[in-house]
Amino acid sequence: MYLDAREFALRDEVIAALGSTPQNLSAVLEKVRPVLLELIPAEYMGLCIVTPGQPIEYTWHVPGPRVPLLEQYDAEVMEADFVRKTLVHNIDRVMRDSEMVSRKELEASLLYQRSREQALRLEHVMAVLLDIQPGVLCGFTLYRDRRRPFSEHAISLLTGLTRMLSGAVRNCRAFEAATLGVNLLDQMHEKPGAAYIVVDPPARERLRSRHAEVLLNKWFTHSDIHSSGLPLILVEKLAELVHSSPEQRLERSTWVRTLDDVYRVVKFVELPSLEGPRSWALLLHEIPRSIPLPEDMKSRLTDAQIIIAQAVLRSWTNEQIASETGLSIETVKTHIKNIFSRERLNCDNRADFIYQAAKLMRPI
């Protein structure tokens with residue numbers, strides 16, 4: 001690709017802006033926009049983060065002048081979006097509208113008609129769909145409101161910037177997630193009864209709240225403590241979680257033990273990080289064993305399921321429940337499975353059910 005001196009200078013400015021200290025993604029795009037649109041002339045630009053789910057979420061970042069068409073990116077527009085439909089089969093490839101649809105099809109499209117209604121006249125498009133991280137894509141698009149097609153040279157220029165653009169989006173997302181995590185810990189730290197420990201796996205402690213110290217001294221003896229100063233059972237639990245899949249972590253993220261009339265509960269939460277291994281927060285709680293079934297949970301269960309759920313909250317085994325209710329153990333297991341299902345209480349297991357019930361009765 002041949003670049004003249006002006007293009008070299010502009011490209012370096014764009015790269016410097018994209019590689020600057022991570023910050024809010026919208027702020028980065030505002031900084032990049034004037035230089036990028038001078039390097040590759042266009043009237044509008046937009047970046048869309050596509051995240052999985054039901055339904056799939058589309059989050060638009062549009063620096064500069066408002067583009068109502070993108071602000072109103074509803075299901076109808078999404079379904080008619082020829083750009084999205086083409087790029088999803090051409091990940092990481094920069095494409096022009098002429099490679100997606102014919103001129104006749106473009107002018108007949110809902111996107112084009114909507115743009116004319118809004119006095120935008122989006123005549124030409126050049127876009128790329130980037131694979132940012134597993135399950136998350138980023139669509140970047142340049143728009144021209146005059147009949148001036150994007151050239152092969154423009155494609156080469158944008159192609160040369162896609163790696164830096166992907167990195168900038170990843171860094172900004174990580175920065176925002178880390179900021180959210182720090183703010184969460186700050187809020188927890190301000191609560192006098194908050195009990196938490198922040199640990200770098202496998203067992204390097206970074207932070208411990210005062211109430212966590214109280215609970216650990218109450219729950220564990222000297223012989224229970226690992227050489228790191230943390231309880232050995234919690235170090236082993238964290239090691240198990242670190243090497244588990246995301247799905248397994250959902251099922252195993254709560255540790256529960258009973259003593260006398262209380263549950264000892266530790267919730268393991270992986271914290272976001274800009275780079276490198278992630279820290280974990282261990283949230284400690286003491287919960288009375290005699291937890292009543294919250295009304296919110298009751299409203300989602302049948303009468304038979306309510307009886308079983310109340311027995312689980314009393315720490316009864318399946319055998320005890322079967323004996324008390326006159327049901328077979330298999331029937332008890334089926335009831336518990338249905339109680340924990342997404343259609344009912346959406347709990348991962350008994351420990352999570354106890355935790356969620358206690359949380360509803362007394363927010364923790």
Side-chain angles (χ1 to χ4, degrees), residues 1 7 10-11 14 25-26 29-30 32-52 55-132 136-166 169:
M1 176 177 60
E7 289 175 327
L10 289 171
R11 189 187 68 167
V14 172
L25 181 55
S26 295
L29 293 176
E30 289 288 354
V32 167
R33 179 182 177 276
V35 189
L36 180 59
L37 296 190
E38 187 175 351
L39 175 64
I40 308 175
E43 281 65 53
Y44 308 98
M45 61 180 268
L47 184 145
C48 181
I49 302 296
V50 185
T51 50
I56 296 175
E57 291 187 11
Y58 295 84
T59 305
W60 282 95
H61 298 266
V62 184
R66 289 179 59 243
V67 182
L69 178 65
L70 301 182
E71 294 174 0
Q72 302 163 11
Y73 195 76
D74 54 24
E76 185 180 15
V77 174
M78 181 186 70
E79 181 59 31
D81 188 350
F82 62 85
V83 178
R84 179 188 67 85
K85 289 182 176 179
T86 303
L87 294 184
V88 77
H89 300 293
N90 294 274
I91 304 296
D92 296 330
R93 178 188 170 191
V94 178
M95 300 183 70
R96 296 171 291 182
D97 53 82
S98 58
E99 301 172 278
M100 304 176 192
V101 291
S102 67
R103 185 66 201 181
K104 182 177 181 181
E105 290 171 323
L106 185 150
E107 293 183 355
S109 70
L110 179 62
L111 264 68
Y112 186 79
Q113 297 300 324
R114 287 270 186 96
S115 73
R116 288 175 63 88
E117 293 169 4
Q118 298 167 0
L120 293 175
R121 297 189 66 89
L122 301 182
E123 298 288 351
H124 290 286
V125 174
M126 182 169 67
V128 62
L129 189 61
L130 303 172
D131 190 357
I132 299 301
V136 180
L137 299 172
C138 164
F140 180 76
T141 312
L142 295 174
Y143 303 91
R144 287 179 174 171
D145 63 7
R146 287 174 288 172
R147 295 289 293 271
R148 183 165 47 99
F150 288 97
S151 64
E152 287 286 347
H153 188 59
I155 287 182
S156 297
L157 285 169
L158 184 54
T159 300
L161 294 170
T162 53
R163 183 171 62 85
M164 281 69 74
L165 182 59
S166 295
V169 174

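All residue numbers in this chain count up from 1 along the given sequence. What you see below is based on every heavy atom in this structure, not just the backbone, and it leaves out hydrogens, waters and symmetry mates.
Heavy atoms of other residues, nucleotides or ligands lying less than 6.0 angstrom from CZ of Arg103 number more than 12.
Remark: side-chain polar atoms of Arg121 are not paired, donor with acceptor, to backbone N or O of Arg144 under 3.5 angstrom. The backbone N or O of Ser102 lies less than 3.5 Å from a partner atom in the side chain of Glu105, making a donor-acceptor pair.
Residues Val128 and Asn90 form no side-chain contact, since every pair of their non-hydrogen atoms from C-beta on lies 4.5 Å or further apart. Within the 4.5 Å cutoff, the side chain of Val83 has heavy atoms near those of the Met100 side chain. Proximity of Leu36 to Leu10: side-chain heavy atoms (C-beta onward) are nowhere separated by under 4.5 Å. Contact check for Leu29 versus Met45: side-chain heavy atoms found under the 4.5 Å cut-off. When side chains are defined from C-beta on, Met164 counts as touching Leu161, because their heavy atoms get closer than 4.5 Å. No side-chain heavy atom of Arg96 sits under 4.5 Å from any side-chain heavy atom of Pro149. Residues Val50 and Cys138 are not in side-chain contact: their nearest non-hydrogen atoms beyond the backbone lie 4.5 Å or more apart. Side chains of Asp131 and Leu137 form a contact here, defined as non-hydrogen atoms less than 4.5 Å apart.
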Go through Glu79 and Glu76 one step at a time and tell me if the side chain to side chain contact (heavy atoms under 4.5 Å, CB included) criterion holds.
CA-CA 5 Å; Glu79 181 59 31; Glu76 185 180 15; 6.0 Å; no
Please assess Glu7 against Glu38 for the test side chain to side chain contact (heavy atoms under 4.5 Å, CB included), listing each intermediate value before the final yes or no.
CA-CA 9 Å; Glu7 289 175 327; Glu38 187 175 351; over 6 Å; no
For Val169 and Leu130, what are the C-alpha separation, side-chain angles and deciding distance, and is it a side chain to side chain contact (heavy atoms under 4.5 Å, CB included)?
CA-CA 10 Å; Val169 174; Leu130 303 172; over 6 Å; no
Begin with the C-alpha distance, continue with both residues' side-chain angles, and end with the deciding distance and a verdict on salt bridge (charged side-chain N to carboxylate O under 4.0 Å, His left out) for Glu107 and Arg116.
CA-CA 10 Å; Glu107 293 183 355; Arg116 288 175 63 88; over 6 Å; no
Determine, step by step, whether Val125 and Leu142 satisfy the side chain to side chain contact (heavy atoms under 4.5 Å, CB included) criterion, reporting the C-alpha distance in whole Å, the side-chain angles of both residues, the deciding distance to 0.1 Å, and the verdict.
CA-CA 6 Å; Val125 174; Leu142 295 174; over 6 Å; no
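For Tyr58 against Arg84, the heavy-atom pair with the smallest separation is OH-CD, 3.5 Å. Of all heavy-atom pairs spanning Val88 and Leu129, the tightest one is CA-CD2, 3.8 Å. Smallest separation of non-hydrogen atoms from Gly46 and Trp60: C-CZ3, 4.1 Å. The shortest heavy-atom contact between Ala42 and Tyr143 is CB-O, 3.4 Å. The two atoms that bring Glu30 and Gly64 nearest to each other are OE2-N, 3.4 Å, heavy atoms only. Nearest heavy atoms, Leu110 versus Ala80: CB-CB, 3.7 Å.
Each of Asp97, Ile155, Thr141 was checked for a side-chain contact (heavy atoms from CB on, under 4.5 Å) with Met126, and the lone residue meeting it is Ile155.
To the nearest 0.5 angstrom, Arg146 atom CZ is 13.0 Å from Leu122 atom CG. Atom CG of residue Leu47 and atom CG of residue Leu165 lie 6.0 Å apart, to the nearest 0.5 angstrom. Between the CG atom of Leu158 and the NE2 atom of His153 there is a distance of 12.0 Å, given to the nearest 0.5 Å. In this structure, CG on Leu157 lies 11.5 Å from CD on Glu152, to the nearest 0.5 angstrom. Considering CG of Asp92 and CZ of Arg163, their distance stands at 12.5 Å, rounded to 0.5 Å. Note that CG of Leu25 and NE2 of His61 are 4.5 Å apart. Values are rounded to the nearest 0.5 Å.
Of the N and O atoms on the side chains of His124 and Glu43, not one donor lies less than 3.5 Å from an acceptor on the other residue.
Ion pairing between a basic and an acidic side chain is recognised when a charged N comes within 4.0 Å of a carboxylate O; Arg148 and Glu123 show no such pairing.
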